[in-house]
Each structure stands twice: as C-alpha cells, then as structure tokens.
Amino acid sequence: MTSVRLPDGSLKEFDSVVSVKDVAKSIGSGLAKAAIWGEIDKQPVELDFEIPSGEPVDLKIITKKSPEALETMRHSCAHVMARAVMRIKPGVQLAFGPSTDGGFYYDIESPEPLTEEDFPAIEKEMAKIIALDEPFERVVRPRDEAIKVCKDLKQEFKVEHIETGLADDETLSFYQQGEFVDLCRGPHVPSPKRIGAFKLLSIAGAYWKGDQSRQQLQRLYATAFFTQADLDAHMEMLEESKKRDHRVLGKRLGLFHIDEMVGQGLILWTPKGSFIRQKLQDFISEHLVRQGYDQVFTPHIGKLDLYKTSGHFPYYQESQYPALVDRDYLSKLAEEGCSCSQLSNKMKDGEIEGYLLKPMNCPHHIKIFDSEQRSYRDLPIRLSEFGTVYRWEQSGEIGGLTRVRGFTQDDAHLFVTQEQLGEELIGCIELVKVVFAAMGMEDYSVRVGLRDPDSSKYVGDPKNWDLAEQACREAAQTLGKDFDEDPGEAAFYGPKIDFVAKDCLGRKWQLGTVQVDYNLPIRFGLEYVGADNQTHRPIMIHRAPFGSMERFIGLLIEHFGGCFPLWLNPEQARILTVSDKSEEYGRSVEKQMLAAGLRVKADYRSEKLGAKIRDGQLDMIPYMLIVGPRDAENGTVSLRDRSKGDLGAMSVEEAIAKFQKEVQDKA
RNA sequence: GCUGCUGUAGCUCAGUGGUAGAGCGCGUCCUUGGUAAGGACGAGGUCAUGGGUUCAAAUCCCAUCAGCAGCUCCA
C-alpha cells in the first residue's frame, strides 16, 4: 500500500505501486496535464518516480503555475550558468546566485572580466550542460567539512559566507552536477531538462554582500522560462515596457528637457509638461483649501545658521550643493591665503555665514510658525508650499524625472498637539488617497516605518513614539488596503508612512510620504500656549502626497503611457481638415472651441487626412475633430477618439458639452 | 560614488584607419485627398569635449563631460 499526504493535509491511499503522475491523474486530468514534477518530502522528483510504499509521504505536485516552480527552475539555471562560466573562464569565484522577479543572476569574480561578447559562448556551453542531463545531487556536510570543501574548491566567498552568514548552521547542503559543486540550500529541478528557454541579459557591477566598502563583483543577469514562447513573450513585454518609459515619452511628446549645459538632474519643463504640472498643482491646491491648509511662499535659499539649527548642516553636507558665501568676505579670505578645507571648517564652526540652497522646506515653514506666539486655539496650523529643493544626489543615481537634483515637493508641515496627531495623520492619508484615486493609480504599496526597538538613535519620548506609531498604523488602515510595517525604517525623528509605486521597468520609487517629527520642534524650541496657560511643544507632520512633482509626473507619464486624460492633456483636441477647402470652416470651429475654454489646436496642412490622423495618434491627442465639406454644410464635426476611433458626426455644441463633461468628471 | 556599455543630422540609428550615410522630421513645390504614412526637390553634421598615436582618426589609446543598466546611497 502506498499513501501520500497532499499539501491540504488530505491523505490518499493506493493499493498498487503508483508514480507521481498517477497521483496527479487521480486528483484530476487537468492537474496531470499541468504537472511538471513532484516534491516528495520536499525533494524534487520526476513525474514517473514511483512512490515508495509504507509510511505516508508528503507529496506536492508542481505545475508551471506553482509560484515556486519557475523560481526553482531559474535557480537551477543559475547553477548551469555558473558552471558554464567556470568552464569558459577558469579561476572564477562564485558569490550568490538567486532567482529574481524577472529571472536570476549570479555574482562572480573572474580573473579576466566577462563582457557581453562572452554571452553566446556561455549560452552555448549552458545548452551543452543541459543536454548532458546530469541530475542536481544534494550532498549534506557538517560545518568543518563544508568549509574544507569550499576551500578545496578555492571558493573564498563561500567559505566566508559559511563562517559568517551561516554561522549558526550545523550542517550545510551542496548541490553537485558533474564536476560542478556549489554551496546551496536548494531545491533544484529533478532534471536539467526541466530548464526550458534561457537567455543572458546583461552584466553589471554589484558589491559583495551589498556593501560598498567591499569588493565589486560582476553580476550576470539572465532569465529563463519553461517554454521558448514564454521567453519570447517576456522579451517582447520588456520591449513594450520600454516604450512607456517617461524619458522616451517625455522627449517624444515634448514634456520636459534636460540639458547638459544647465546641469545633471535639473529639469527644464517645456510648455506641455509645464501645463500638466500646473494642472496637478491646481488639483492639489483645491484639495488643500478643502482640508484647511494655508499656502505660503518661501525663498530658495536660507542662511547656514538656519540649517545648523535644523541639523541639516553640516550633517548632510555631502548631499547638498556647496554653500554660497558673501563675495567680499570670500576675497578677503583668499587674500589671507585661506584654503578650501579651512573655508569648509570655518563654515562648520560658524565663523563664516553663508547661504545654502534649501535641501528641505521645513526650516522655512518652522520660522513662519515661530513668527508669532501660538495658542492651542490656533492649532493645527497647516502650512503648504510647492517648494523647490536642491540636493546633491550621487551622479550615478540621477536619471529622468525620478531622481533629480532640483525638485519641487508638494510639501506641507502641520503643527499639531499630541491629541490632534491621529486625526491629522488620517487627514494626510485621505489626501494621498484622493490624489492617487483621481489619477487611477491604485497600484502602489504602503509602508509604515517604525523604530528599531534595539536602537537608541531615536529622538523623543518612547511613550510618544508608541502613540505616534499607533496613530500611523491607524491612519494607514483608513486606506482600506494592505500595508507593511517595517521596524527600523522610521526616521530618527519619528515614524512615517510611505507610498511606493513601480516604474515601467519594475523599479520601486517612493512617492508620497507622511512623517511624524519630534526632533525639529525641539531643535527650534517651538511652543504654543495650552488651555492650562503653560507652554507646550507642538508635534510636526511633514507630508507630500506626490512626493515631488518631478517624480510623480515621471510615474504618471508611464502610468498613462503618455495618453493623458482630457483634463490633464495640454492639447485636448485637434481639428483636422479633410482638404484646404475646409480651412475656413475649421477656423470657425477652432474659435468656438477656444471660446468655450477648450485647448484645441488645428492641422491645416495640405496633407491627406490619413496622415493627419496618424500624426494626431502619435501625439496621443484625446480627440480629433475632422472637418470636411459635409461638416461645413451641416455645422458638425466628425469626432475621433484616440482609442475608440471614429465616433461619427455631432454638432460643435454637442462636442463642446461632451468635452466639458469629461473634464468635469476627470474621466 | 563604483563597475560595465554608449555618445554620428532635430529624432532613431548604420558606418570599425583612406571623400560623412539612411529613415523619420523640417523647408519649397506639385497634389485637394473623409478616419493610421501621396509625390518631387532641397536644406541640415567641427562625428560629445580635450589630448595622444598615425602619412591619414568618426573609427585606435588616454582624460573629461553626459546618457543607459546594475550596485551603493536617498535627511
């Protein structure tokens, strides 16, 4: 008798000898068809593996749809890739080789660095290895022996990993395939033949153990799928995604420009992009009024003293543009033979006053709060500003609109009492929710950053921290979607709630943020008079629903794939004349539309209609208004929707009403 | 910042030591065409910048700047 226990806990018994496939068949023909291998007591086996009789075994049937199946297969493929590389380049040291969302990689150190030109040879060697069909054999060794094995293999990274990362493990597992032995937790596919189609993608640098101070390895990125068709589809999907890239669309649609002569990471907003940005600002401003915010304006620079008080200088000096120093004072110092480092020290010591391009808006807002005596009756005070800040980001980090050196935050600072904190946080979350919902951007994740219980770097009373963390949790719950709690992710000055979205290449970017701050009110000695006639310290909330206009618009471009909805699109409709004969009528329609407050342009070129439509489509204009002799006669326009195509003729008034309603609904 | 790749016309790119090319776009003309590319002609380039090698450099070497991918970082 053979008995198996399935993952749901149910027991199945068979009188005769059965294979994994037989079990699958007994559950359903669909499953039998989909099955690719089985796992008995967590060890992968082929479908024709005969299950031993006697004691029940745990059996899991793996199908292509099992989330772990692809992962396992890719990891096996990583082993094959590493083996192939070692055959081609002797003396290669292996580090880590996990699977990722879209494929897998292996970090290696080669005496002779690999280049993409080596890819075909590696792929060929991999195919050879797979054709040999040698199984991945699991070997378990005690610590000492495991270390010796790695030493004998001259795999120093593995030795280090066993000694540090796996210090608590009594025994360690290896997987052997032919001459190739690798320290590995597993599991692997039962046979290399399960590896379907694979492709090496790119090569990049990566630090050993992710530590910048340690040596840099070469990371070989690759991917694998069960079938060639899946791989082809994946590659095509990547190509398609690239077309949504905001850098590509930004150029094609003329939304923004970055100029070498202006500087890295400094965005020039062209008229179209500026229009979208302004619309978004107006949209937020409208909601700020509804939520009782006050708008302020503050300058782009502030004295060093301000940032010394806030702690931003010299502590974050590395990520700021250098300070601006008074011209006369500077020449005086030069005459005295003052060196750069002496200048820098004098600034730190406060001997020289200078100005800093603001890296944050909070100090300025704090000074507005502190410019008057405040009563508890005034609180909460909510100061908002589309404030432009400048940060010296590392050059290798800068790109497109998502990481820049000058950006405008849709910033606000709330000064609240401890009692008001919870409600105000909920208000902030509400705003983020409204904003994201209006854009149809529902695909974002929420992270609540809490303090690390083992660290003492945090400012403020632990009791207040508990209250604030609980308030953040409760505020996050009002979103009605799952969120992660990340201990250790809080800023040193308070817990926070972050909103994270992915770009067209799957990279994650923090957009909105809501942060509680116990630190700055202390540093600036902020106070208000309470009902008890005593002075109290307010709590600050920093919040920005978009995060920055630049990054948000970058992701918004990709979210819409360039097809901005009518209310946001700089050009809402384009009038296309069928021939020159209709230009006069076209101009009258254009006038009516403009008078109705619609943003229309017209194409009066002596081109064929088909060409004008094509250009309109490529420019992603929401509506095209086609006017020809027929329309001129009937006082109509023939409407064309960029995605639905021809909508037929309607009167100019009807078209205007339709557009106005769509704008109103932000559809 | 680190590693690697890239930089040629407004855009996308070809050109690998010997007279700078294509498509699209742009301009002029012809064409007057009803739902995704009509035709002809033409203008347009210090081949990122600065050095070097060579009889000769877009091409080879070095540096700088910028872009891309990844890593690291992001108050």
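Lettering follows sequence order; numbering is per chain, from 1. Keep in mind that the numbers below use all heavy atoms, side chains included, and drop hydrogens, waters and symmetry copies. Source: prediction; values computed, not measured.
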Just grab all the side-chain hydrogen bond (donor to acceptor under 3.5 Å, both in side chains) pairs involving residues 261-272 of chain A, residues at least two apart or on different chains.
none

d(CE, A/Met650; P, B/rG34) in whole Å
22 Å

In 5'-to-3' order, the base (B), backbone-only (S) or no-contact (-) status of each nucleotide in nucleotides 38-43 of chain B, using a 4.0 angstrom heavy-atom cut-off, is B-----

Rounded interatomic separation in angstrom, taking CG from A/Leu625 and C1' from B/rU35
13 Å

Could you state the CG-P distance from A/Asp619 to B/rC11, rounded to the nearest angstrom?
17 Å

Is there a donor and acceptor pair closer than 3.5 Å between the side chain of A/Glu260 and the base of B/rC65?
no

Could you tell me whether A/Lys89 and A/Glu109 have a side-chain N and a carboxylate O separated by less than 4.0 Å?
no

Under 4.0 angstrom, heavy atoms only, what part of the nucleic acid is A/Pro629 near: base, sugar-phosphate, or nothing?
base

Quantified in whole Å, what is the P atom distance between nucleotide B/rG21 and nucleotide B/rU16?
14 Å

Kindly indicate whether the side chain of A/Pro359, heavy atoms from C-beta on, has any atom under 4.5 Å from the side chain of A/Tyr321.
no

Check this one for me: any side-chain N or O of A/Gln264 less than 4.0 Å away from OP1 or OP2 of B/rA66?
yes

If you measure only the distance, is there a donor-acceptor pair under 3.5 Å linking the side chains of A/Tyr604 and A/Glu590?
yes

What nucleic acid atoms does A/Arg640 come within less than 4.0 Å of, heavy atoms only: base, sugar-phosphate, or nothing?
base

Is there a residue in residues 486-512 of chain A whose heavy atoms reach under 4.0 Å of RNA chain B, and which residues are they?
A/Tyr493, A/Leu505, A/Arg507

Under 3.5 Å side-chain donor-acceptor pair for A/Gln218 and A/Asp107
no

Carboxylate-amine/guanidinium contact A/Lys508 A/Asp503, below 4.0 Å:
no

Considering every strand and a 4.0 Å limit on heavy-atom distances, what is the contact class for A/Gln215: base, sugar-phosphate, or nothing?
nothing

Residues in contact with RNA chain B, drawn from residues 570-588 of chain A - heavy-atom cutoff 4.0 Å:
A/Val578, A/Ser579, A/Asp580, A/Lys581

Find out whether A/Leu356 and A/Ile301 are in side-chain contact, i.e. whether some heavy atom of one side chain is under 4.5 Å from a heavy atom of the other.
no

Between the base of B/rG34 and the side chain of A/Ser638, is there a donor-acceptor distance below 3.5 Å?
yes

Kindly state each residue pair satisfying ring pair (Phe, Tyr, Trp, His ring centres under 6.0 Å) with at least one member in residues 234-268 of chain A, sequence neighbours excluded.
A/Phe225-A/His234

Per A/Ala204 side chain, nearest of listed nucleotides B/rA69, B/rC2, B/rG34:
B/rA69

Please determine if A/Arg219 forms a cation-pi arrangement with A/Tyr105, meaning its NZ or CZ atom is less than 6.0 Å from the six-membered ring centre and no more than 45° off the ring axis.
yes

For A/Asp615, answer base if it contacts any base atom (sugar-phosphate contacts may also be present), sugar-phosphate if it contacts only those atoms, and nothing otherwise; contact means non-hydrogen atoms under 4.0 Å.
nothing

Kindly compute the distance separating CZ (A/Arg537) from CD1 (A/Ile539), expressed to the nearest 0.5 Å.
11.5 Å

Report which part of the nucleic acid A/Gly210 touches: base, sugar-phosphate, or nothing (heavy-atom distance under 4.0 Å, all strands).
sugar-phosphate

Return the residues of residues 243-256 of chain A meeting this criterion: a heavy atom under 4.0 Å from some atom of RNA chain B. Order them by number, or give none.
A/Arg247, A/Lys251

Taking the C1' atom of each, how far is B/rC61 from B/rU53, in whole Å?
7 Å

Taking any heavy-atom pair under 4.0 Å as a contact, classify A/Ile398: base, sugar-phosphate, or nothing.
sugar-phosphate

Find which nucleotide of RNA chain B each of A/Arg605 and A/Arg642 is nearest to by heavy atoms, and output the residue with the more 5' nucleotide.
A/Arg605

Determine whether a donor-acceptor pair (one donor, one acceptor, N or O, separation below 3.5 Å) exists between the side chain of A/Arg214 and the base of B/rC71.
no

Of the nucleotides B/rU35, B/rA75, B/rC71, which one has an atom closest to the side chain of A/Leu609?
B/rU35

Protein-nucleotide distance (A/Ile258, atom CD1; B/rG7, atom C1'), rounded to Å
16 Å

Check whether the side chains of A/Glu633 and A/Tyr585 place a donor and an acceptor atom closer than 3.5 Å, and report yes or no.
no

